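On a predicted model such as this, the values are computed, not experimentally measured, just so you know. Heavy-atom basis, side chains included; hydrogens, waters and symmetry copies ignored. Below, read A as the first sequence line, B as the second, and so on, with proteins coming before strands; counting in each chain starts at 1.
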There are 2 protein chains.
Amino acid sequence: MGSSPTMNDVAREAGVALRTVSRYVNGATNIDSELAERIRVAINSLGYRRNLAAASIRPGWDSKVLGLIIGDLSNPYYTALTRAIEHEASERGYLLITASSEEDGTRHDKLVDRLAEQRVDGLIIVPPHRPARGWADVAGTLPPIVFLDRPVSGVQADSVLSDDIGGAREAVQALITSGSRSVAFVGDSLSIYTLEQRMLGYENALHDTGHMVRAELVCTDAHTEAQAREAVARLMADTDTDAIFGANNRATIGALWAFRDAGQRLPLIGFDDFDLAQLMQPEVSVVSQDVEQMGTLAASLLIDRLNGTGSAQRDYVLPTTLHLRGSEQRVN
Amino acid sequence: MGSSPTMNDVAREAGVALRTVSRYVNGATNIDSELAERIRVAINSLGYRRNLAAASIRPGWDSKVLGLIIGDLSNPYYTALTRAIEHEASERGYLLITASSEEDGTRHDKLVDRLAEQRVDGLIIVPPHRPARGWADVAGTLPPIVFLDRPVSGVQADSVLSDDIGGAREAVQALITSGSRSVAFVGDSLSIYTLEQRMLGYENALHDTGHMVRAELVCTDAHTEAQAREAVARLMADTDTDAIFGANNRATIGALWAFRDAGQRLPLIGFDDFDLAQLMQPEVSVVSQDVEQMGTLAASLLIDRLNGTGSAQRDYVLPTTLHLRGSEQRVN
DNA sequence: CTGAAAGCGCTTACAG
DNA sequence: CTGAAAGCGCTTACAG
């Protein structure tokens with residue numbers, strides 16, 4: 001390292017008072033031009049850089065750093081969210097610390113603590129589905145929070161969500177409209193808020209169209225792509241499943257694998273778009289979330305609140321969009 | 001906000017000296033157990049959290065925050081890199097600030113400045129291919145750096161690279177071995193280090209097998225997937241191209257699109273693996289970089305250096321792996 | 001417009 | 001083992 005030059009060093013070098021350097025560095029306009037020049041030269045020759053970390057400990061100054069806790073960067077859904085958040089934050093002068101909880105409650109809590117201790121100005125959080133401790137215990141000690149993807153009750157915070165119920169219902173209805181009668185639900189644990197909601201949408205669609213929810217067509221333990229692949233294989237072999245609703249990305253991709261394994265496909269609609277969906281044969285139909293808007297909105301709500309221009313706290317539920325591309329159709 | 005409680009508040013509440021609280025918080029073992037208990041109670045009742053930002057301005061203390069500047073989080077290659085870096089950093093107690101330069105030199109320089117002013121302990125940087133200013137101008141004012149994906153000359157820093165030349169050569173040789181004679185190069189600008197290297201590998205492979213480099217088979221202005229798609233379409237229409245080397249992800253996907261548009265495919269090998277490569281028909285052959293190891297190594301080198309356990313500065317060039325999955329074969 | 005001084009929340013020799 | 005004091009790099013009333 002070799003300790004870097006301080007504002008004090010610059011003041012000495014330029015032969016002015018510390019305060020004058022501070023004003024110069026902070027962009028004050030009314031500075032004697034000769035002094036300003038001496039300061040400029042001193043800064044350059046010393047290679048001085050202001051220390052924002054030090055500046056931010058002063059009362060009323062904030063760090064202009066936001067924290068983001070997501071599940072896992074390997075999930076393209078979270079990646080897209082992160083990108084939008086980072087973009088909006090950067091646009092508005094904030095840096096972003098990104099951390100992955102890996103859906104582990106304890107790890108998540110540690111990250112929250114660390115970020116709070118780091119004195120980030122605000123937090124955007126995708127809460128883990130099995131929290132290790134209650135939010136109420138720590139809420140008072142945390143900076144402003146916006147929850148993303150999943151809401152948290154009992155905490156003062158905005159939430160930005162998608163219409164999981166509506167999206168799932170629409171997808172399942174589309175499958176039924178295309179002629180399927182035994183639509184299977186393939187997804188992860190219902191203890192995950194979004195999956196629970198999508199299950200509700202699935203049930204709604206069945207009820208609306210006069211169908212029963214049949215337990216043997218419901219798989220809620222496909223945590224990975226590989227498990228979804230197996231689950232779909234089993235559904236195809238053991239039941240009269242005639243269409244698949246992939247309740248998340250991994251489920252959908254798993255189904256595509258199972259189709260390839262079986263050498264035959266079933267009508268399919270997935271929740272969440274993915275990169276090459278349109279390059280598949282047939283193109284994969286999906287319900288897509290407006291991920292970019294979700295991220296932008298979350299960052300923007302948080303920053304508005306930090307600036308005191310936020311409105312009353314509420315949940316924002318963004319609509320989803322059904323993209324019918326072909327894979328929903330029956331095979332004959 | 002409402003200013004949060006400080007160590008001073010805790011000391012007063014517990015009826016001990018500030019220093020004792022500091023020692024408690026920093027995990028000193030030898031503290032009178034009765035005092036420790038009083039401090040514990042005071043911390044809980046006040047909802048005190050240590051202020052790491054304040055602590056880190058003291059001499060010899062560092063922030064335990066690293067900065068990462070990449071091109072763009074929408075590129076899965078950078079995402080994978082980021083994930084590995086974040087994982088290693090987290091594993092070793094560091095937080096990670098991630099920022100996107102969007103390949104813009106000026107924006108990149110601003111991020112470097114901001115991160116330096118934020119006093120991150122170290123920086124991992126994918127340098128933009130057209131830097132707006134020279135590294136020499138600022139090198140002295142920056143924390144330790146590890147360059148990733150592309151090297152930078154004239155700066156004291158480690159670099160973590162892939163064997164772009166070797167990987168490209170191997171890919172092109174494989175296409176030739178499969179019977180292709182007019183292998184086209186489709187990629188982005190050669191002012192990007194990795195693309196320049198891959199072009200070298202392409203040329204090497206041609207020379208090694210007694211072929212000439214033919215200008216009409218070389219496309220180096222496919223900056224986007226869409227442009228690559230058009231470029232491949234043109235190659236198929238206007239030249240005798242009988243195989244495509246996709247010099248990056250976007251080029252490869254663009255080629256797949258062009259194949260679908262044309263209703264026929266050419267032998268293809270791409271540089272960089274992608275998520276659904278094996279779900280395509282035929283499965284897409286690629287040269288893959290060991291992205292996870294690159295990220296882990298970069299973070300690990302940086303942290304070792306911060307801890308004073310780093311070795312002499314050098315470039316690390318990681319080998320690539322050719323995955324032949326079928327798409328390299330000729331169509332008949 | 002500029003200087004000398006106080007203070008942000010914290011850690012660390014220095015005495016006891 | 002613990003207390004009162006100095007100081008990290010910075011900003012900001014307070015005087016001039």
Decide yes or no on side-chain hydrogen bond (donor to acceptor under 3.5 Å, both in side chains) for S74(A) and D72(A), but give the supporting numbers first.
-> CA-CA 5 Å; S74(A) 70; D72(A) 170 10; 2.6 Å; yes

Side-chain heavy atoms of V120(B) within contact of I97(B), under 4.5 Å | yes

Look at R49(A) together with D113(B) and state whether they make a salt bridge at an N to O cut-off of under 4.0 Å.
-> yes

Are F147(B) and D158(B) side-chain neighbours, meaning at least one heavy-atom pair lies under 4.5 Å?
-> no

Pull out every stem in DNA chain D, meaning runs of 3 or more consecutive Watson-Crick or G-U wobble pairs with both distances under 3.5 Å.
-> C:1-3 with D:14-16, C:5-12 with D:5-12, C:14-16 with D:1-3

So, does N26(A) use its side chain to make a donor-acceptor pair with the main chain of A28(A) at under 3.5 Å?
-> no

Protein heavy-atom contacts under 4.0 Å, written 5' to 3' over nucleotides 2-11 of chain C as B (base), S (sugar-phosphate only) or - (none), form the string BBB--BBBBB

Exam field: side chain S162(B) to backbone D164(B), donor-acceptor pair closer than 3.5 Å | no

Those residues that, when tested against R119(A), pass salt bridge (Lys or Arg N to Asp or Glu O under 4.0 Å) (two or more places apart) = none

